[in-house]
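All values reported here derive from a predicted model rather than from experimental measurement. In this chain, numbering begins with 1 at the start of the sequence shown.
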Amino acid sequence: MTAAVKSTGVFWAVVRRDIKLAWSQGGTGTMALSFFLIAVSLFPFGVGPEPQMLARIAAGVIWVVALLACLLSLDRLFQADFEDGSLDDLALSPIGMMGIAAAKTLAHWISTVLPLVVMAPLLAMLMQLPNEGYLLLVISLLIGTPALSLFGAIGAALTVSVRRGGVLMSLLVLPLYIPTLIFGVGAVDAVILSADPTPHLALLGAVTLVGIVVSPFATAAALRLSLE
């Protein structure tokens with residue numbers, strides 16, 4: 001078996017293991033999806049059932065709650081492996097710490113964030129989102145939400161050794177989420193207002209690309225620092 005094949009096998013083994021753990025009893029996937037469904041469902045009760053009011057805030061509400069649901073699940077991204085010592089063993093695997101960081105971040109997006117994207121059209125219906133906004137809502141979430149996992153992984157790695165570091169992680173990560181939120185909501189609003197959403201989607205894609213380039217290096221460096 002060549003080193004490349006062995007490394008690929010380890011990478012996907014970590015991805016499969018984390019996806020399975022996320023959907024086990026009490027896993028972060030079920031918790032984040034439950035929070036997403038319940039939190040968005042509360043808005044029609046809070047702001048009133050008027051369709052025009054709900055339609056005006058629908059895209060923003062879905063994006064903000066998806067962001068918070070993602071944030072809610074990040075504190076366990078590396079915590080369990082750090083506490084039981086398996087993170088040290090994973091660091092010695094053929095793919096190294098950067099590969100482990102990339103694999104766990106990919107597993108987080110697939111297991112925790114992708115289900116939110118799948119459920120978003122259903123909640124958009126509840127929020128009276130205009131018909132022309134549905135497709136752009138899903139597209140913007142597919143393009144933008146990987147950045148939430150990528151930048152969130154950096155914050156989770158920086159605070160993995162900090163006791164009760166959830167609040168600190170939120171303070172570190174939330175400012176990094178602002179561009180994704182602005183361009184994601186802007187793309188949906190643009191198509192609803194019959195404007196061109198392409199610039200918003202392009203900028204949203206650029207933010208995600210920056211995350212793909214920066215996050216594995218920064219997350220691996222933060223994890224090494226925490227293990228010292």
Side-chain angles (χ1 to χ4, degrees), residues 11 15 18 32 36 40 56-74 77-78 95 97-121 123-124 129-130 132-159 169-223:
F11 180 89
V15 172
D18 276 27
F36 184 60
V40 175
R56 190 162 60 84
I57 65 172
V61 167
I62 291 172
W63 258 101
V64 168
V65 178
L67 182 154
L68 294 176
C70 177
L71 190 65
L72 188 68
S73 63
L74 282 171
L77 184 56
F78 302 109
I95 58 176
M97 190 61 86
M98 196 166 72
I100 293 298
K104 292 179 78 65
T105 304
L106 176 61
H108 176 266
W109 184 79
I110 293 173
S111 63
T112 304
V113 184
L114 187 57
L116 309 183
V117 179
V118 174
M119 293 302 296
L123 295 176
L129 183 74
E132 56 269 31
Y134 280 75
L135 180 59
L136 252 295
L137 175 65
V138 174
I139 292 174
S140 66
L141 287 170
L142 285 173
I143 296 174
T145 51
L148 303 183
S149 293
L150 289 163
F151 290 118
I154 301 174
L158 284 170
T159 58
M169 183 188 66
S170 300
L171 294 175
L172 292 172
V173 170
L174 282 175
L176 301 176
Y177 282 177
I178 292 174
T180 302
L181 180 63
I182 291 174
F183 300 135
V185 176
V188 182
D189 286 343
V191 77
I192 292 175
L193 298 173
S194 301
D196 184 8
T198 306
H200 298 280
L201 293 177
L203 291 169
L204 195 60
V207 173
T208 297
L209 286 176
V210 170
I212 291 172
V213 173
V214 172
S215 176
F217 295 98
T219 303
L223 288 174

If you round to the nearest 0.5 Å, how far is [atom2] of [Y] from [atom1] of [X]?
X: Leu77; Y: Cys70; atom1: CG; atom2: SG; value: 9.5 Å
X: Ile110; Y: Asp18; atom1: CD1; atom2: CG; value: 10.5 Å
X: Leu176; Y: Phe151; atom1: CG; atom2: CZ; value: 6.5 Å
X: Ser149; Y: Leu106; atom1: OG; atom2: CG; value: 9.0 Å
X: Met98; Y: Leu223; atom1: CE; atom2: CG; value: 12.5 Å
X: Thr219; Y: Ile154; atom1: OG1; atom2: CD1; value: 4.5 Å

Of all the heavy-atom pairs spanning [X] and [Y], show the shortest one and how long it is.
X: Pro146; Y: Thr208; value: CB-CG2, 3.8 Å
X: Val185; Y: Ala59; value: CG2-O, 4.1 Å
X: Ala153; Y: Leu74; value: N-CD2, 4.3 Å
X: Pro197; Y: Ala195; value: CD-O, 3.3 Å
X: Leu116; Y: Ala32; value: CD2-O, 3.9 Å
X: Gly155; Y: Val173; value: CA-CG2, 3.7 Å

[Y] and [X], any side-chain heavy atoms less than 4.5 Å apart:
X: Leu72; Y: Leu68; value: no
X: Leu136; Y: Leu201; value: yes
X: Val207; Y: Val210; value: no
X: Leu158; Y: Met169; value: no

Partners of [X] by side-chain contact (heavy atoms from CB on, under 4.5 Å), sequence neighbours excluded?
X: Tyr134; value: Pro121, Ala124, Met125, Leu129, Asn131
X: Leu142; value: Trp109, Leu114, Val117, Val138
X: Val213; value: none
X: Ala102; value: Phe11

**Test log, rule side-chain contact (heavy atoms from CB on, under 4.5 Å), inputs Val214 and Leu150** = CA-CA 9 Å; Val214 172; Leu150 289 163; over 6 Å; no
By side chain to side chain donor-acceptor pair (under 3.5 Å), Ser73 pairs with (sequence neighbours left out) His108
For Thr105, the side chain to side chain donor-acceptor pair (under 3.5 Å) test, sequence neighbours excluded, returns none
Next item on the list: Determine, stepwise, if the pair Phe36 / Leu123 fulfils side-chain contact (heavy atoms from CB on, under 4.5 Å).
Entry: CA-CA 9 Å; Phe36 184 60; Leu123 295 176; 3.3 Å; yes
Practice problem: Dump the intermediate steps for side-chain contact (heavy atoms from CB on, under 4.5 Å) on Leu174 and Leu67, then the final yes or no. | Solution: CA-CA 9 Å; Leu174 282 175; Leu67 182 154; 3.6 Å; yes
The complete set of side-chain hydrogen bond (donor to acceptor under 3.5 Å, both in side chains) pairs with one or both residues in residues 175-196, sequence neighbours excluded, reads Asp196-Thr198
Applied to residues 57-67, the side-chain hydrogen bond (donor to acceptor under 3.5 Å, both in side chains) test, sequence neighbours excluded, yields Trp63-Ser140
